[in-house]
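What follows is a single structure, written as structure tokens, with notes after it.
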Amino acid sequence: MPVPDPSDDPLSRERAHLTHSRAALRSMREDVESLDIRDVTANWVNAEVLSRQIEERVKALADLSHTPLFFGRLDYLHSPGADQAEGAEGERFYIGRRHVHDADGDPMVIDWRAPVSQPFYRASKKNPLDIALRRRFGYTGGDLTAYEDEHLSDPADSAGDAATSKLLQQEIERPRVGPMRDIVATIQPEQDEIVRSGLGGSVCVQGGPGTGKTAVGLHRVAYLLYAHRDRLARTGTLVIGPNASFLHYIEQVLPALGELEVKQATVDDLVAHVEVRGTDEAPAAVVKGDARMAEVLRRAVRSHVTMPVEPVMVVRGSRRWRVPAYELEVIVRELLDRDIRYGAAREALPQRIAHAVLVQMERSGEAPDDRVQDAVARNTAVKAAVKSLWPPVEPAKLVLRLLSDADFLATHAEGLLTEDEQKTILWARPVRSVKSAKWAAADAVLIDEATDLVQRTHSLGHVVLDEAQDLSPMQYRAVGRRCTTGSATVLGDLAQGTTPWATRSWEEALTHLGKGDAVVEELTAGFRVPTDVITYASRLLPHIAPGLTPVASVRENPGFFEVRPATAGDATTAATEVVAACEELLRNEGSVGLIAADARVPLLAEALTAAGLPHLGPGEETTLTTRLTLVPASLAKGLEYDYVVLDEPRAVVDGEPDERTGLRRLYVSLTRAVSGLIVTHAAPLPPQLAEGAGAL
């Protein structure tokens, strides 16, 4: 890349490079759009596949007008090395969201995932990684407006510490409006280490609110697709979130990085074998979600196998071949001892019986081949024996029987579930059919387990599991089945577990997932939640997750924080004061979230409407005219807003089945604010929050 004239204005020079880079990207896209595939495809199927690939490539090369094409620059002291990139001494690289080259193939922007880009995130004054200068760029919309230099290899320059970067700090603290955005310009060294960890190993990230664990997981997917594209194109990737609102919130991050093929789902989506129309009481859901249910199901599935009492007589032409019952029993027991999938064993059984017949044929002087064995396996007598000894199992019907037949459940839960636990999960009334059953979410997970016992679940190359702390052991097993031959990135915060079956330790959770060897990393630097807010919320940690390291905010702006007792006692007046707090925060730039206990949402919705304040529901995208979202506390997890009004903390706690879960729900609700938080209350604050309140 040619070295510019140093007499030029640096900002003008960088703007010119941005203009040329955008033109080069446009040319790359036009080159793809102009491809003529009429003479290179053998048939219409190939043409359709290639056309779809070209369409996806065009989308990946889109120039997002309000997104910087590059956000940084690296000036190397020496060539990065032949194994990383071509170039001469003193080479310069612009770091961006995707690779851009000119008409000659020379790079104008380097993908942030490329090895040569790594020093942008890792280099420091103590370890400059052969970087002379790191330049960060500031943007307004898509226009380059500023730059900031760090002379990492100059001992006389004391400004080479990324923590002092004003542009970096501004980017971290920039108001959030709309869905979650990528963090490629602000990835920190400890985050980058996780993002670039290899595909072969699984990683668990424990991170408090605002530590960027979700962003790290999504950027790890993008990095793995860059480094192992061919492999993951064959095996697939999946991002699993807690609910549809959360998935909607994060859905634009990967496309902004040029990755369009990553699927997203909830755990409920994965196990949707039946329509979920019912709900469980917490005690029943806890038992159904317990890992012991896996063994109950395994016993129930294998109970369908019966030992033979009669021989199998195979007639071929004028001859009869008899396989005695004791030999059939040996075959059946061998298949049971192998402990393979029920369906696979059932498919193998006729071939085993046919092989026993072929052995007899060979002893009598015949020379049968594989075709004869296949014909014997399809023999009517053999098929009848298989149906009797190893009948087909329908997973949904099996679970239906377990939950509605007390004797059947007792037989297979003996020594695993107590009598009280069995009564807890048994349906009060018998159900006649799978379709008429009011399945609960935990039932669908049981059916998924039974389905896998019958037929192996397809495994993906990599799975990202976010908000993992809320999964039951059986849900972990359901996710683990989707990556048995692949790896996983597990993201969560033990302090934010708000289900009765919430994870107690990552060691236990990873064991259920089948990734007991995963490396557990902890993120403790808070980039999203202001200092005063996270300090206030951290008062709850000793009560909900003792032993966890509190998040330390690295934001320079302490944020706006205020606790406001209501001036009047009646609910209507208190709601009016909540509305006033929302109106106050809406005068600022950015999004506003009003978070309240689920039971209080209808009252607050009426108050907002009466005040003429338009508002959205969770997952709905904010606009310039509607920036207020009314959020039930049960759906707040994983979401963030520039400003938050938290209504009645006591009601949030009381809305849960027990105080510990309620305090965790409150911790989640308190930590959704990026710039400021107002806590309003008429009822007394929970004592865990009130402790030391006067010190604020």
Side-chain angles (χ1 to χ4, degrees), residues 71-72 74 76 80-81 83-85 93 95-97 110-131 134 136 150 152 160-163 165 168-169 171-172 182-228 232 237 239 253-254 257 259 461-466 468 486-494 506-507 510 515 517-528 548-549 551-554:
F71 47 81
L74 290 177
Y76 273 82
D83 62 330
Q84 292 184 326
F93 298 95
I95 313 302
R97 287 165 172 78
I110 301 293
D111 195 301
W112 67 275
R113 298 167 287 187
V116 75
S117 302
Q118 185 170 338
F120 184 79
Y121 304 106
R122 303 274 186 99
S124 66
K125 288 288 287 186
K126 292 182 178 179
N127 185 18
L129 299 177
D130 202 41
I131 300 299
R134 171 169 54 201
R136 300 180 188 275
E150 302 168 64
L152 300 179
D161 183 357
S165 169
L168 177 62
Q169 197 69 36
E171 177 63 21
I172 289 174
D182 66 70
I183 61 165
V184 288
T186 62
I187 294 174
Q188 299 299 293
E190 64 273 17
Q191 296 173 325
D192 187 67
E193 187 173 346
I194 298 171
V195 167
R196 296 178 191 265
S197 54
L199 178 61
S202 294
V203 179
C204 175
V205 182
Q206 158 64 40
T211 55
K213 57 185 178 294
T214 296
V216 166
L218 295 175
H219 287 69
R220 176 160 159 73
V221 171
Y223 171 77
L224 292 176
L225 286 169
Y226 176 89
H228 308 278
L232 290 177
T237 53
V239 174
V253 174
L254 288 169
L257 299 173
E259 301 299 342
H462 191 77
V463 169
V464 173
L465 174 61
D466 204 353
S487 55
T489 299
V490 180
L491 313 166
D493 179 11
L494 296 177
W506 289 124
E507 180 182 6
L510 293 169
K515 304 297 180 184
D517 58 348
V519 176
V520 179
E521 304 281 0
E522 187 173 9
L523 297 176
T524 58
F527 303 98
R528 178 176 56 78
L548 276 191
T549 304
V551 172
S553 178
V554 299

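From a predicted model like this one, the values you see are computed outputs, not experimental measurements.
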Using ring pair (Phe, Tyr, Trp, His ring centres under 6.0 Å) as the criterion, list what pairs up with Phe71, not counting sequence neighbours.
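Phe71 satisfies ring pair (Phe, Tyr, Trp, His ring centres under 6.0 Å) with Phe120 only.
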[X]: partners by side-chain contact (heavy atoms from CB on, under 4.5 Å), with sequence neighbours left out:
| X | result |
| --- | --- |
| Glu190 | Gln188, Leu523, Ala525, Phe527 |
| Ala518 | Ser202, Leu510, Lys515 |
| Ala552 | none |
| Val239 | Leu218, Val221, Ile250, Leu254, Val262, Gln264, Val464 |

Sequence-distant partners of Glu521, salt bridge (Lys or Arg N to Asp or Glu O under 4.0 Å), two or more places apart
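Once residues adjacent in sequence are excluded, Glu521 has no partner under the salt bridge (Lys or Arg N to Asp or Glu O under 4.0 Å) criterion.
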Partner residues of Arg113 under the salt bridge (Lys or Arg N to Asp or Glu O under 4.0 Å) criterion, sequence neighbours left out:
Asp111, Glu259
Using the test side-chain hydrogen bond (donor to acceptor under 3.5 Å, both in side chains), find all partners of [X] that sit at least two apart in sequence or belong to another chain.
| X | answer |
| --- | --- |
| Thr214 | Asp466 |
| Ser487 | His462 |
| Asp493 | Gln206, Gln496 |
| Asp130 | His78 |

Least distance between heavy atoms, Ile187 atom then His219 atom
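Minimum heavy-atom contact is CD1-CD2, 4.0 Å.
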Nearest heavy-atom pair of Trp506 and Gly492: which atoms, and what distance?
CZ2-C, 3.6 Å
Pairs involving residues 194-217, ordered by first then second residue, that meet salt bridge (Lys or Arg N to Asp or Glu O under 4.0 Å) (sequence neighbours left out):
Asp192-Arg196
Could you measure the distance from the [atom1] atom of [X] to the [atom2] atom of [Y]? Nearest 0.5 Å is fine.
| X | Y | atom1 | atom2 | answer |
| --- | --- | --- | --- | --- |
| Glu507 | Cys204 | CD | SG | 11.5 Å |
| Leu257 | Leu225 | CG | CG | 10.5 Å |
| Ile131 | Leu152 | CD1 | CG | 7.5 Å |
| Arg136 | Ile95 | CZ | CD1 | 11.5 Å |

